[in-house]
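Before any comments, here is the structure.
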Amino acid sequence: MTTAAAALPAREAGPTGLWSWAATVDHKRIAVLYYFTAFAFFLLGGVEALIIRLQLAGPGRHVVSAQAYNQLFTMHGTTMIFLALMPLSASFFNFVVPLQVGARDVAFPRLNAFSYWVFLFGGLFLNLSFVAGGAPAAGWFGYANLTSGQYSPGHGIDFWALGLLTLGVSSLAAAFNFIVTIVNLRAPGMSLMRLPVFSWMTLVTSFLIILAFPIITVALILLMFDRMAGTHFFVPAAGADPVLWQHLFWLFGHPEVYILILPAMGIISEVLPTFARRPLFGYPFVVYSGIFIAFLAFGVWSHHMFSVGLGPVADSFFALSTMLIAVPTGVKIFNWIATLWGGSIRFTAAMKFALGFIAMFIIGGLSGVMHASPPADLQQTDTYFVVAHFHYVLFGGTLLGLFAGMYYWFPKATGRFMDERLGSWHFWLTLVGMNLTFFPMHFLGLLGMPRRVYTYAGDLGFNTMNLVCTVGAFVIAVSTLVFVANLFRSLRAGRPAPPDPWGGGTLEWSIPSPPPEYNFAAIPEVRGRDPLWLEQRSGPAERRGARGLRPDAHIHVPAPTGLPMLAALGVALVPAGLIFGLWLSAIGAAVMLFGIYRWAFTPI
Amino acid sequence: MPGPRPLPATPPTSRRTPAAASAPPPDAAAPRSAGPAPRATLGALRAAALAAVAALAGLPGAARAAATYPQSTFYPHSEVGGLIQSLLNNLLFWVFLIFVVVETLLVVAMVRFRRRRESTGPPEGAHGHTGLEVAWSLAPVAILACIAVPTVGTIFRIGGPAPPGALQVNVVGHQWWWEFQYPQLGVVTANELHLPVGRAASFRLQTADVIHSFWLPGLSGKRDVVPARTNQLWFTPDRAGTYRGQCAEFCGESHANMRMLAVVETPQEFDAWVRDQRQPGPPPAALAARGAQVFSQSACIGCHTIQGVSAGVLGPNLTHVGSRSTLAAGVLPNTPESLGRWLQDPPATKPGTLMPNLNLGRDQIQALVAYLESRK
């Protein structure tokens, strides 16, 4: 094996230059675009968190004003959920799913590019609010009637609502794309019950997106009509019930949290078997539990509303449905532990993050079960106990899972390994940092600290714990820097990686690292789950007389085009004009229609 | 737009040759430096787990010290609070049990099944055990039933009507202060609630502007106040004392400054308080009389009620403001210095407050302070 700085295996030079990235329709490049953009937003959201923690490090501090703080926590939540975690998951969908199903690209490559550009422009638009009159300051779930024009004057909420509407377009387009890809473009022999679990979770998540996002779209449009056109959907003085907003929001919002966690669970379900050298325990159960979760996700939303006063019957129903959804979520953990059982575990960085995911998700899931009991929740809701819960499942869950995926698939995407020692430092600093930051919050909440407070009284016993949380946040910051250093160093000079560095079982490990533009020279024929392991056990297809794998003589690759980016720009300008002037919306609409029209008549 | 691009003449094959495919290359590809050795990793994990358990075991003792944690939800002092607490204890029992069992299984799996020798060959085929999977799906259902039954029971008990003879309190949330009215007693006050120990208190909860949440953790769970809706809450305080509370639903700029106090006292003390609240108040003397003049000639009267003097309803009722222990919704202690500071620049203490800075002169503030403090 050659040393780290040696030349990579020779491959044909891909297109280079800025335009090649702007016009790409290759799912692997779009994945890279999603990845770096989402990571940049993640760093931005992290800085917002650090400022929040500095302000809360002690009672009565004046690091930022009350209004600035309220903008910061609103943008931290909105950024992390919509601009960091969801697009990071999208970057994995993009890179991995076509490779795992044995396809050459997604079903709609140009729509794929469009999704990315709409995400970028939507995210920039949302953050423009900081310098255009103030960021939104009503929390990431923006309850009516605080978000009305009367109680939230200025354009902050407009940026929030219009930005989310734009991002919804991106998510919906991507979800349709992945559903069609997974349903239609699987390699011959890959039945749904032979689909890798990550691709399964992508399919389930995509269905959640197409069913949940329309609900928030409606809610945001109603809100914007109230704010801009004088309607009264959420205006109590005119007879409206602001609780309607909460119902609409959480009907979206609860499926949204499963949209956030299922992809990471899919990643774990790939990483654990590879490094434990055992297939996933109970594949059908894991798949069915994912589907069951998606169905139940639409039946639990009012557990976010136990203090609103919906009445004992409604509270009881949602308590029971919420407890029920804990079952399929929990059994996955048993399946993962059983996967390890009897295996031969190798503690690579990816595996450490996968194991860390399980350990942290157990904690987050259990605090979630505690919320499921409405009377007990009346002491927990809207306190730091909830903040602890969702950070354990989103940071300890989703983010650790995404990091596991990064270390796992980085060699495939780049042809280089990430540094394992730095990866280990990253893991331990992250684990220590996140527990220091979020574990004390369980106590802070039960000791009476509400959430979304820019300061707190100094005689309530919160001071030391808040300081510990702040220290933990900076440990997380250091761990993130370690990762960034590892990322850039490995990109430039990481040790070369072969096609199958980890001994994986799924199709992506059967092609070169990095893959050629067309992925597979010959579309493989799949004879079971974990096709590579199957092949290794029973020998390659030819020896058993099955259809040979002749490379295809001519592979058509979709041509690059800047039209999706142009159309995306138009899409983003339309809502922007509602703030900056309708002339901008008109330009946006024209650009969008032109872009779509040309795109529709350009052969792929 | 260019059409499909031609490929190189001989596309590289992505088919793996038998030789390369026979064994996964764990060692060839094994990272030379895998970080801390697995044994040290697990040792560190064990130590951390023990430390965590020790810390957790010590914490309930700390929580018991109500004086150190005046807004704690542990050991609330009412029967409703007690019902919530026993549910919480039930939840904590199961949660700790599951945590210990599952995390232990995870750690055991990591320790027992770490790689000890080079693995040869690919993993074997399908891996599962339906019986086990059914069992570990049903076990959580059984545990959840143990949580669900008392949960539903408690929901209906605390959600039902208040006991007969309850003291009626109407709560109105405002940005960013709490209004309390006692309709049976003809008392209107703000931010400081007085309750007789041992008598049920029944709250009608409303808001004047946006959604807030009424929360006295030491007495009961929270309940939102929602526009165009009246919510209900009741509890019977069973121990005299002072309880701290806060708004618990984000309601705008000074949400963090919307605090409150509940004074639970003997029935005699409560009756005395009610009597005092009902009096118009003693006539002011000297400086305070001058303050009364400042008050009635300033914009104060547009927003505040002082019985017999003004009838504003946008801000807290100030008839007996001198009798309260805090100001500005629990944010400042009620002392002449704090009151003076508040009057000098309200937004400095409570960002976004609807009370404007009236640019009062120093002697005007002094007089007002004397007057307001005299309103006991």
Side-chain angles (χ1 to χ4, degrees), chain A residues 66-67 139 145-146 151 236 277-279 281-282 285 307-309 312 315-316 319 323 327 330-331 334 337 340-341 343-347 362 366 370 373-376 378-379 382 420-421 424 446-448 450 452-455 460-461 501 503 511 520-521 533 536-537 549 551 555-556 559 602, chain B residues 1-2 4 7 11 13-16 18 21 24 26 29 31 33-35 38 68-73 84 87-88 91 95 99 102 105-106 109 113-115 119 122-123 127-128 133 136-137 140 144 148 151-152 154-156 159 210 217 221-222 224 227-228 231 246 248-250 253 256 351:
Chain A
Q67 197 53 8
N145 54 336
L146 181 63
Y151 294 106
R277 307 312 296 160
R278 297 210 83 193
F281 187 96
F285 252 72
S307 63
V308 168
D315 285 349
S316 299
M323 291 182 200
V327 177
V331 299
F334 301 136
I337 295 177
L340 301 172
W341 209 269
S344 176
I345 300 172
R346 224 173 89 211
F347 291 94
I362 291 171
L366 289 173
M370 288 182 67
S373 173
L378 292 179
Q379 294 282 41
D382 250 301
E420 281 290 323
R421 257 230 339 233
S424 194
L446 293 180
L447 292 173
R452 303 171 146 189
V453 289
Y454 76 94
T455 190
L460 293 172
I511 57 179
F520 297 90
W533 290 342
Q536 289 159 29
R537 283 195 306 274
L549 296 169
I555 299 176
H556 170 68
T602 304
Chain B
M1 281 286 148
L7 279 173
T13 177
S14 60
R15 175 184 48 183
R16 299 173 65 189
S33 46
T68 335
Y69 301 105
Q71 219 159 269
S72 167
T73 66
I84 291 176
L87 256 186
L88 184 71
L91 283 165
V95 158
F99 172 82
V102 183
L105 280 171
L106 177 65
F113 301 107
R114 64 190 188 278
R115 184 173 69 145
S119 38
H127 185 197
E133 290 175 294
W136 72 41
S137 303
L144 288 168
T151 290
V152 175
T154 309
I155 291 174
F156 279 88
V210 298
K222 63 182 66 71
D224 291 357
N231 274 339
Q246 256 186 275
E249 181 61 66
F250 184 69
E253 195 166 348

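Chain A is the first sequence line, chain B the second, and so forth, proteins listed ahead of strands; every chain is numbered from 1.
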Considering all heavy atoms of both residues, which atom of [X] and which atom of [Y] are nearest to each other, and what is their separation?
X       : Y       : answer
P450(A) : Q71(B)  : CD-NE2, 4.4 Å
F156(B) : P312(A) : CE2-CB, 3.6 Å
A109(B) : I345(A) : O-CD1, 3.6 Å
S344(A) : R115(B) : OG-CG, 3.2 Å
V327(A) : S137(B) : CG1-O, 3.6 Å

Separation of [Y] [atom2] from [X] [atom1] (nearest 0.5 Å):
X       : Y       : atom1 : atom2 : answer
T68(B)  : L460(A) : OG1   : CG    : 11.5 Å
F99(B)  : L366(A) : CZ    : CG    : 8.0 Å
L87(B)  : L378(A) : CG    : CG    : 10.0 Å
T154(B) : D315(A) : OG1   : CG    : 12.0 Å
I84(B)  : S373(A) : CD1   : OG    : 9.0 Å

[Y] side chain reached by [X] side chain, heavy atoms, under 4.5 Å:
X       : Y       : answer
P217(B) : Q379(A) : yes
F334(A) : L105(B) : no
S72(B)  : L446(A) : no
I337(A) : V102(B) : yes

(message) Once ring pair (Phe, Tyr, Trp, His ring centres under 6.0 Å) is applied, do any residues pair with F250(B), and if so which ones, sequence neighbours excluded?
(response) F73(A), H255(B)
(message) Going by ring pair (Phe, Tyr, Trp, His ring centres under 6.0 Å), name the residues that satisfy it together with F281(A), two or more places apart in sequence or in a different chain.
(response) H127(B), W136(B)
For chain B, which of [options] has the most heavy-atom pairs under 4.5 Å?
options                   : value
P374(A), S316(A), A376(A) : S316(A)
G282(A), G139(A), P279(A) : P279(A)
P375(A), G461(A), G309(A) : P375(A)

(message) For a side-chain contact (heavy atoms from CB on, under 4.5 Å) check, start with the C-alpha distance between E249(B) and D382(A), then their side-chain angles and the critical distance, and finish with the verdict.
(response) CA-CA 6 Å; E249(B) 181 61 66; D382(A) 250 301; 2.8 Å; yes
(message) Has N231(B) got a side-chain atom pairing as donor or acceptor with V308(A)'s backbone, closer than 3.5 angstrom?
(response)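 Yes.
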(request) Spell out, as yes or no, whether a donor-acceptor pair under 3.5 Å connects the side chain of R537(A) to the backbone of P122(B). (result) no
(request) Please assess M370(A) against V95(B) for the test side-chain contact (heavy atoms from CB on, under 4.5 Å), listing each intermediate value before the final yes or no. (result) CA-CA 8 Å; M370(A) 288 182 67; V95(B) 158; 3.6 Å; yes
(request) Check each atom of E253(B) against the heavy atoms of chain A and say whether the ones under 4.5 Å are side chain, backbone, both or neither. (result)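 The answer is both parts of E253(B).
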(message) Set out, in order, the CA-CA distance, both residues' side-chain angles and the distance that settles side-chain contact (heavy atoms from CB on, under 4.5 Å) for L340(A) and L106(B), then state yes or no.
(response) CA-CA 8 Å; L340(A) 301 172; L106(B) 177 65; 3.9 Å; yes
(message) Only pairs of heavy atoms separated by less than 4.5 Å count here; which of P227(B), G159(B), P140(B), A148(B) has the most with chain A?
(response) P227(B)
